[in-house]
S.K.: 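Here's a structure for you.
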There are 2 protein chains.
Amino acid sequence: MAREVAERADIVPVLAEIFREHGFAGASLALITARTGLGKGSLYHFFPGGKEEMAAAVLADIDGWFEREIYVPLRAGEDADGARTSLAAMFTNVDAYFRSGRRSCLIGAFALGDTRGRFAVIIDGYFWRWQMALAGALARAGHASSPVDLAEEVLVGIQGAIVLAQARDDEDVFRREMARLRARCGLMA
Amino acid sequence: MAREVAERADIVPVLAEIFREHGFAGASLALITARTGLGKGSLYHFFPGGKEEMAAAVLADIDGWFEREIYVPLRAGEDADGARTSLAAMFTNVDAYFRSGRRSCLIGAFALGDTRGRFAVIIDGYFWRWQMALAGALARAGHASSPVDLAEEVLVGIQGAIVLAQARDDEDVFRREMARLRARCGLMA
DNA sequence: TCCTGACTGTACCTTTCAGTACACAGAGAG
DNA sequence: CTCTCTGTGTACTGAAAGGTACAGTCAGGA
């Protein structure tokens, strides 16, 4: 038997793309073995809980990425200038991560329909921590009036832009919404 | 055998709820027979093309509803006042239809992931006709500058509000976004 | 060196899947 | 009454689903 040792960490991003493209129910083990190149033996070695554990690992991985790359920087910028810089960085990173709307938000997609129930805690946490970190940065950047509300508006805009960009198969839909949101956050370049 | 004659038109809304809750891949025939109360015989009598034809019928039904209840009224209001009235009606009907974000947008959900490919034409048409009808009404209501852009912004907001409201399990998220969009369309009540 | 334990492929299990076949029920037309 | 045509339930199919069992493979440590 050819032995090519794999690591759990290498598999998770592949699983993420599969769940993004096919959803939880549509991601069959046959598809997963084909795309990861791993047999069921290896798969169940790394994820004894099966598909459910795979999806949970993917969500945790995504959550970790956003925590590191988005939320932490948002919380970091202490003065108004630092806050504005981290806000600008957020929009740049979000555009790159979602590939201008070509890549869907797995956590948003899982929030729709019955999949939500299985992963409610992580879904809720993901959006809540994002909104709070963003609201803090907005407040420090000078939006004293209603930063929590504006933060909600931004998250709604991002999620909606992903849906509409995919529906229309047009990246510009996403980019235009990002420009509107940037402007609303006082980031006219 | 008990004979309770069903009509295709009565089944479609039930199918719609099933697809909304479980997605295309997750909606099994077993689930469908249970929820509709119809055996496979009847189901395949009405929809010889199976699940795919059921989903297509559902999407066509939804599309027809929006055409009748939303797009036609939007196109109807001829003067500024009529346009403003139809805009207000749109927000009221959208809030009712999506049950303040408790009910997801099936067409938006199908746009994410591989399901889109099967129904690309109807998905694209749904959003495009909505945006054009809305842009016309906005223009007549006095938004001469960029009505097509504002219409896109509204659709993005509605879709995003559904995602975030479901993720957070909170109708108020949806209602707040509707209030923002109304204001942006010049409809302060 | 051999032993241990992490990893891997394959054969197999039960259940469920979408879909088919077909006999039958019943209402309306003649 | 009978004939026809639209529905309906049920038994069935082969394929695919998720998951288990297990023998085997190799690297690293003792």
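Lettering of chains follows the sequences in order, A, B, ..., and the numbering in each one begins at 1.
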S.K.: Nearest whole angstrom, please: distance from the P of dA18(C) to the CG of Leu29(B).
M.R.: 4 Å
S.K.: Between P on dT10(C) and CG on Leu38(A), what's the gap in Å once rounded to a whole number?
M.R.: 13 Å
S.K.: Nearest-Å distance, CD1 (Ile11(A)) to C1' (dC7(C))?
M.R.: 11 Å
S.K.: Looking at side-chain heavy atoms only, is the closest gap between His22(A) and Ile18(A) below 4.5 Å?
M.R.: yes
S.K.: Nearest of dA18(C), dC7(C), dG7(D) to any side-chain atom of Ser28(B)?
M.R.: dA18(C)
S.K.: Whole-Å distance between dA18(C) P and Leu15(B) CG?
M.R.: 13 Å
S.K.: Of all the nucleotides listed (dC7(C), dG19(D), dA18(C)), which has the minimum atom distance to the side chain of Tyr44(A)?
M.R.: dG19(D)
S.K.: Would you say the base of dG9(C) and the side-chain of Lys40(A) have a donor-acceptor pair closer than 3.5 Å?
M.R.: no
S.K.: Parallel under 30°, tilted from 30 to 60°, perpendicular over 60°: which one fits the rings of Phe66(B) and Tyr126(B)?
M.R.: perpendicular
S.K.: Quickly work out the His45(B) NE2 to dA23(C) P distance and round it to whole Å.
M.R.: 18 Å
S.K.: Check step by step if salt bridge (charged side-chain N to carboxylate O under 4.0 Å, His left out) holds for Glu177(B) and Arg182(B).
M.R.: CA-CA 9 Å; Glu177(B) 178 67 15; Arg182(B) 266 186 252 250; over 6 Å; no
S.K.: Provide, to the nearest angstrom, the distance between the CG atom belonging to Leu43(B) and the C1' atom belonging to dC17(C).
M.R.: 14 Å
S.K.: When the distance from NE2 of His22(B) to P of dA18(C) is rounded to whole Å, what number comes out?
M.R.: 12 Å
S.K.: Measuring to OP1 and OP2 of dC7(C), would you say a side-chain N or O of Ser42(A) lies under 4.0 angstrom away?
M.R.: no
S.K.: DNA chain D: Leu31(A) or Gly41(A), which has the more 5' nearest nucleotide?
M.R.: Leu31(A)
S.K.: Does Glu21(A) pair with Arg103(A) as a salt bridge, N-O distance under 4.0 Å?
M.R.: no
S.K.: Would you classify Gly50(A) as touching base, sugar-phosphate or nothing, given that sugar-phosphate means primed atoms plus P, OP1 and OP2, and contacts are heavy atoms under 4.0 Å?
M.R.: sugar-phosphate
S.K.: Using a strict 4.0 Å threshold on nitrogen-to-oxygen distance, state whether Arg140(B) and Glu78(B) make a salt bridge.
M.R.: no
S.K.: Return yes if the base of dG18(D) and the side-chain atoms of Lys51(A) contain a donor-acceptor N/O pair under 3.5 Å, otherwise no.
M.R.: no
S.K.: So what does Ala25(B) touch, heavy atoms closer than 4.0 Å: a base, only the sugar-phosphate, or nothing?
M.R.: nothing
